[in-house]
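Input: a single structure, listed below in structure tokens.
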Amino acid sequence: QVQLVESGGGLVQPGGSLRLSCAASGSRYSIASMGWYRQAPGKQRELVAAITSRGITDYADYVKGRFSISRDNASNTVFLQMNTLKPEDTAVYYCSAVLMMRTTVVYWGQGTQVTVSS
């Protein structure tokens, strides 16, 4: 099965930046898209950003202009550059990979903690 390994989380002050990365391995099929979701305590998991193999991106409204997603198809790695971080960005960020086979299959990483606090 596909394994996703995330890195780059940590503690950052408001207004600071972090860069998350996620590498996918073990896929026998093309990965249609990769993305980032986040979940804060007491809240639902929500989409942050996603990118297709063609480079088409999708962003949640609350991160547009602050976050940027990119992908290296050769290494099946997705990045999330997070700028102007706010305390409300604090959450566990999960990497996802979507494979389209007979049915659509979504894989998840274990998550990386992002904490924005002074």
Side-chain angles (χ1 to χ4, degrees):
Q1 63 176 346
V2 174
Q3 296 186 51
L4 303 173
V5 180
E6 301 136 327
S7 63
L11 175 65
V12 65
Q13 293 184 339
S17 299
L18 285 174
R19 182 175 174 85
L20 306 182
S21 64
C22 173
S25 62
S27 177
R28 301 185 65 179
Y29 300 89
S30 297
I31 298 176
S33 67
M34 299 184 72
W36 293 93
Y37 288 71
R38 70 187 187 187
Q39 186 169 23
K43 298 184 64 178
Q44 298 178 347
R45 186 172 298 186
E46 59 187 7
L47 171 71
V48 178
I51 186 169
T52 71
S53 61
R54 296 182 179 180
I56 301 173
T57 59
D58 186 25
Y59 294 94
D61 288 339
Y62 51 83
V63 303
K64 288 182 178 178
R66 298 191 298 122
F67 293 7
S68 179
I69 190 170
S70 60
R71 177 177 178 177
D72 180 0
N73 290 336
S75 61
N76 281 330
T77 301
V78 65
F79 306 92
L80 184 67
Q81 179 66 47
M82 304 185 294
N83 299 319
T84 319
L85 283 161
K86 305 174 181 179
E88 52 263 43
D89 294 320
T90 297
V92 177
Y93 284 69
Y94 296 91
C95 177
S96 70
V98 178
L99 279 68
M100 292 189 293
M101 301 176 287
R102 285 175 55 89
T103 60
T104 300
V105 179
V106 181
Y107 292 89
W108 297 94
Q110 293 186 348
T112 183
Q113 177 71 46
V114 172
T115 302
V116 184
S117 176
S118 59

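Reckoned from all heavy atoms, side chains included, excluding hydrogens, waters and symmetry mates. Please read all numbers here as calculations on a predicted model, not as lab measurements.
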Problem - Transitive ILVMFWY cluster of I56, excluding itself - 4.5 Å side-chain cut-off - result: none
Handout entry: Atom CD of E88 with >12 non-hydrogen neighbours under 6.0 angstrom
Key = yes
Exercise for the section: Decide if atom CD of Q39 counts as having more than 12 heavy atoms of other residues, nucleotides or ligands within a radius under 6.0 Å. Expected result: yes
Identify the two heavy atoms, one from [X] and one from [Y], that lie closest to each other, and give their separation to 0.1 Å.
X: R71; Y: S33; value: NH1-CA, 3.5 Å
X: V78; Y: M34; value: CG1-CE, 3.7 Å
X: A91; Y: Q113; value: O-NE2, 3.4 Å
X: V2; Y: A24; value: CG1-CB, 4.2 Å

Output yes when a side-chain donor or acceptor of [X] lies under 3.5 Å from a complementary backbone atom of [Y], and no otherwise.
X: S27; Y: Y29; answer: yes
X: Y59; Y: I69; answer: yes
X: T90; Y: V116; answer: yes
X: E6; Y: L20; answer: no

Completion exercise
Sorted by chain and number, sequence neighbours left out, ring-ring contact (aromatic ring centres under 6.0 Å, His included) with Y37 holds for W108
Same apolar cluster: [X] and [Y], side chain cutoff 4.5 Å:
X: L4; Y: V105; answer: yes
X: L18; Y: W36; answer: yes
X: V12; Y: V63; answer: yes
X: I31; Y: V98; answer: no
X: F79; Y: I51; answer: no

Problem - Spacing of CD belonging to Q1 relative to OG belonging to S25, to within rounding of 0.5 Å - result: 10.0 Å
Handout entry: Stepwise side-chain contact (heavy atoms from CB on, under 4.5 Å) test for V114 and D89
Key = CA-CA 8 Å; V114 172; D89 294 320; 5.5 Å; no
Exercise for the section: Would you please say whether a donor-acceptor pair under 3.5 Å links the side chains of Y62 and E46? Expected result: yes
Problem - Sub-4.5 Å side-chain heavy-atom contact between T112 and S7 - result: no
Practice task
Give every residue pair that meets the salt bridge (charged side-chain N to carboxylate O under 4.0 Å, His left out) criterion with at least one member in residues 91-100, sequence neighbours excluded.
Solution key: none
